[in-house]
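Okay, structure first, notes after.
These numbers come from the heavy atoms of this one structure, side chains and all, not from hydrogens, waters or symmetry mates.
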Amino acid sequence: MTDIYGYAAAAPLYRAAGWMQVIPLPEGRKTPPPSGFTGRSRKPVTDEQVRFWSQSDPTANTGIVIPEGVLVLDIDAEQGHQVKADGAKGISELSQELGMLPATWSSTAHGIDSPTRHLFYKVPEGLAWKGGAIEGVDILQPGHRYSVVWPSIHPSGEMYCWYTPSGSTTSQIPHISDLATLPWKWVDYLRKPEHTTPRPTSNTLISPETGTYDARMCKAINTFLHKTLSNPASKGSRHDTTLQAVWALVNFAQEGHRGALDAISQLKPRFIQEVAPDRQGKEREAAREWASILSGAMEKVNGVQAHADPCGQSKIERMTPGEFNELTQNTIANQMRESYPQAVQNTETMPVQAGSTPVAPVQNGSTESHEANKTASPSWQFEDLAQLASGIELPPTPTVFQREDGQGLFYRGAVNDLHGEPGCGKSMIAQIATTQELKADRDVIYIDYEDSARNVVKRLLLLGVSGEQIIGHLHYVRPSAKPSSPTSLGGWRETLDYADTATLAIIDGVTSCLAYAGLDSNSGDDIAAWYNTMPRLISACGPAVVLIDHVVKSKDNRGRYAGGSMQKLALIDGISYSVDMTKPVGKGVRGTIVIKSGKDRISEIEEHCAVSWSSNGSHLREAARIEINSTDPKLMRVTIARPNMMPSEDRQTKRDDFRPTGLMERISRMLEDSLEEPNQSELFKALKEDGSGARTAVMSKAVSLLLQEGFVSNRSGRNNRSIFKSVRPYRQIDDPKSDAYVDRMSREEASELDDENHLEI
């Protein structure tokens, strides 16, 4: 079995050992898994499906979805100078209370001496489990996550291995029946309680930090902080939960609630402690992430703070956080109805179910639809279909953001979507589309929750837009409050007036927009309410609305729809694109961004996309390749090309996408510190002696990429052997294709933050 490599060879062996839900993962990576085969509603993996995956990508990594009757403890640990939550130490301390864990089979890519590993146990079927045992120890369970196993390659280049209960490496795969049984005390401790604890009343609020009611904070802040600290990943991840909590607390502070900034101070150390183990840069990266969250929230402060605490004036002190959200939604609806009755009346005619369209349809994106909305009919009325049936009124056609062949990629009069990983080029695409419209002397609305006017205008100038065109046709706003707030209503009316003549409206930062409005990005009801009170109000006036959003956090459908509730995909009535930067974009380089269609509601663009689906099962079809040439410091040249129309991807190209960034940084550091120029054999030997378990082919791949990209140079040495030396340092944090990548502008802004200054309003 030592020669076995890749999913095609390993999958039959795992199924023979009882692991039936064995799935492929990208070579050298942990994510994404194939769509629909993980999670609680996962589809079963059949022999036919295994054969298909094996033929499609035989060298893929291998993962096993946890079956009923099995539970896996995912233990993190302190490693050298890297600060992590010491899960191994925590498990040891917990064992003093619950008894020692029995020795069992385990899996890791970090070597025989590392405590960081997955421990596999047999447990009773049908129980519900907690998400984690203690800090630094997560629980992998049926319907939640999967385990990457031998013979997979870790992103660092190391190979995963199985270890027997005695701790020795083995070439065998454990059968489920071979696993040790988890003791009952551990089962009782790790399972979810059958009954939830009653909600505390307003008179018995407890602060998790002090154990008592915190007198610095009003009752609303105490309630909100308690809820956030007791479930730090309630919004799908710790990052999203903290983001929404900080924005909500800043909003509370604006409303005059006492102690909101004290609550933010309590969130900071908890956030850094909880996310640092999962970040490449550990505590320093977590601190930068916190600084970015806080900076974004504090920038929204409008400087007009209420003088009296609402808790001392109303019944708000008796409201739960859920009631706060409900109140927020009702307030939005009521104030919009009072301030802009025509627009809200039009919204009420729009069903929120998938496939819905406004009652007053847009005629090929014309602005005449806005006049029709002013006389909108009641919210429940059967429509006259005569004109539609005769073909007189047609759905919107895609006329905005045109490829070089003239094919438009965004629908006017509809809500469109761009989603992808941070740093993948979503905002760049929005600004390229903005450039096209401005150069044609058409109006654009840019609602920005993520960046600044300075950066957006600078990029537009680089793209060739004139100052006169920007001044005359770009309507840019960085909202400092939700549209329904008293300080925003005038600006919101102005936005809808601009929408009458605009052809494009960008909303950059859906997650931030929802968070600042106090809405939950994982709640279908909250998302539907937001769509009907913001994006669809604008699109009903005629422009193509383009939302910029992040990818789904669960990874089950990563690529097809944006992060949070799947309701986001259902509510798109234009087209939804997944964005991927296939070649880095930046100063002095030629980069490429690819957009792929995940859902085309109107089906006018789909027929002009690539002829086949993506090979990863995500049901995406390439719609355009955006080539960006930034070699001229004064002008950015852009070509929006047709998609790659090849019927299938070349397998070798897929293999070449494998990028062992952890190993690349390790090699770079070795060469930087080396007093002599080593040849390849000496370099690989040094890596092995340093504890690397990477295969020779993976090490060769890492060296080749460093050479190609100019981080390392080589020349002929003794016996005509190539010897290597460092040209410039390679760091994963600077590599847009690395999972550890952090945008440089975000780092520079974060480094300028002063904690004390940013905790003052």
Counting N and O atoms only, with roles assigned by atom type, does the side chain of [X] sit under 3.5 Å from a partner on the main chain of [Y], one being a donor and the other an acceptor?
{"X": "Thr104", "Y": "Phe120", "value": "yes"}
{"X": "Trp186", "Y": "Gly99", "value": "yes"}
{"X": "Asp138", "Y": "Asp74", "value": "no"}
{"X": "Asp549", "Y": "Val510", "value": "no"}
{"X": "Asp188", "Y": "Lys185", "value": "no"}
{"X": "Lys130", "Y": "Tyr189", "value": "yes"}
{"X": "Ser54", "Y": "Val50", "value": "yes"}
{"X": "Ser152", "Y": "Val148", "value": "no"}
{"X": "Thr228", "Y": "Phe224", "value": "yes"}

Check against side-chain contact (heavy atoms from CB on, under 4.5 Å), Trp129 and Leu127
CA-CA 6 Å; Trp129 304 96; Leu127 298 182; 3.9 Å; yes
Distance-only polar pair, side chains of Thr661 and Glu665, donor-acceptor under 3.5 Å:
no
Could you tell me whether the side chains of His118 and Ser147 share a donor-acceptor contact shorter than 3.5 Å?
yes
For the atom pair [atom1] ([X]) and [atom2] ([Y]), what is the distance rounded to the nearest 0.5 Å?
{"X": "Gln96", "Y": "Leu98", "atom1": "CD", "atom2": "CG", "value": "10.5 Å"}
{"X": "Ser674", "Y": "Arg669", "atom1": "OG", "atom2": "CZ", "value": "15.0 Å"}
{"X": "Ile23", "Y": "Thr62", "atom1": "CD1", "atom2": "OG1", "value": "9.5 Å"}
{"X": "Lys122", "Y": "Leu179", "atom1": "NZ", "atom2": "CG", "value": "7.0 Å"}
{"X": "Arg191", "Y": "Leu71", "atom1": "CZ", "atom2": "CG", "value": "12.5 Å"}

Go through the steps for Glu158 and Ile153 under the test side-chain contact (heavy atoms from CB on, under 4.5 Å), then give the verdict.
CA-CA 6 Å; Glu158 315 290 336; Ile153 303 298; over 6 Å; no
Checking side-chain contact (heavy atoms from CB on, under 4.5 Å) against Met100, which of Ser92, Pro183, Ser95 comes through?
Ser95
Just wondering, do [Y] and [X] contact through their side chains at under 4.5 Å, heavy atoms?
{"X": "Cys161", "Y": "Thr108", "answer": "no"}
{"X": "Val22", "Y": "Val65", "answer": "no"}
{"X": "Pro67", "Y": "Gln21", "answer": "no"}
{"X": "Ile75", "Y": "Ile91", "answer": "yes"}
{"X": "Ser668", "Y": "Glu672", "answer": "yes"}
{"X": "Phe684", "Y": "Thr696", "answer": "yes"}
{"X": "Phe271", "Y": "Glu289", "answer": "yes"}
{"X": "Ser704", "Y": "Ser700", "answer": "no"}

Looking only at non-hydrogen atoms, find the nearest pair between [X] and [Y] and report the distance.
{"X": "Ala245", "Y": "Leu267", "result": "CB-CD1, 4.0 Å"}
{"X": "Ile173", "Y": "Ala17", "result": "CG2-CB, 4.0 Å"}
{"X": "Pro151", "Y": "Ala10", "result": "CD-CB, 3.4 Å"}
{"X": "Met664", "Y": "Leu706", "result": "O-CD1, 3.7 Å"}
{"X": "Cys424", "Y": "Met581", "result": "O-CB, 3.5 Å"}
{"X": "Pro32", "Y": "Pro26", "result": "O-CD, 3.4 Å"}

Give me the ring orientation class for [X] and [Y]: parallel if the planes are under 30° apart, tilted from 30 to 60°, perpendicular past 60°.
{"X": "Trp150", "Y": "Tyr14", "answer": "tilted"}
{"X": "His154", "Y": "Tyr160", "answer": "tilted"}
{"X": "Tyr7", "Y": "Trp53", "answer": "perpendicular"}
{"X": "Trp105", "Y": "Trp162", "answer": "perpendicular"}

Give a yes/no verdict on a cation-pi contact between Lys30 and Tyr146, requiring under 6.0 Å between NZ or CZ and the six-membered ring centre and an angle within 45° of the axis.
no
Does Arg695 count as lying over the ring of Tyr5, i.e. NZ or CZ under 6.0 Å from the six-ring centre, within 45 degrees of the axis?
yes
side-chain contact (heavy atoms from CB on, under 4.5 Å), that's the test. Do Leu663 and Val698 meet it? Break it down for me.
CA-CA 9 Å; Leu663 194 59; Val698 177; 3.9 Å; yes
Give the intermediate values and the outcome of side-chain contact (heavy atoms from CB on, under 4.5 Å) for residues Leu94 and Ile134.
CA-CA 9 Å; Leu94 194 57; Ile134 53 174; 4.1 Å; yes
Looking at Glu274 and Lys268, is any side-chain nitrogen of the basic one under 4.0 Å from a carboxylate oxygen of the acidic one?
no
Salt-bridge criterion met for Glu682 and Lys688 (N-O under 4.0 Å)
no
Pairing residues for Gln141 by the side-chain hydrogen bond (donor to acceptor under 3.5 Å, both in side chains) criterion, not counting sequence neighbours:
none
Scan residues 102-118 for pairs that pass salt bridge (Lys or Arg N to Asp or Glu O under 4.0 Å), counting only residues two or more places apart or in two chains.
none
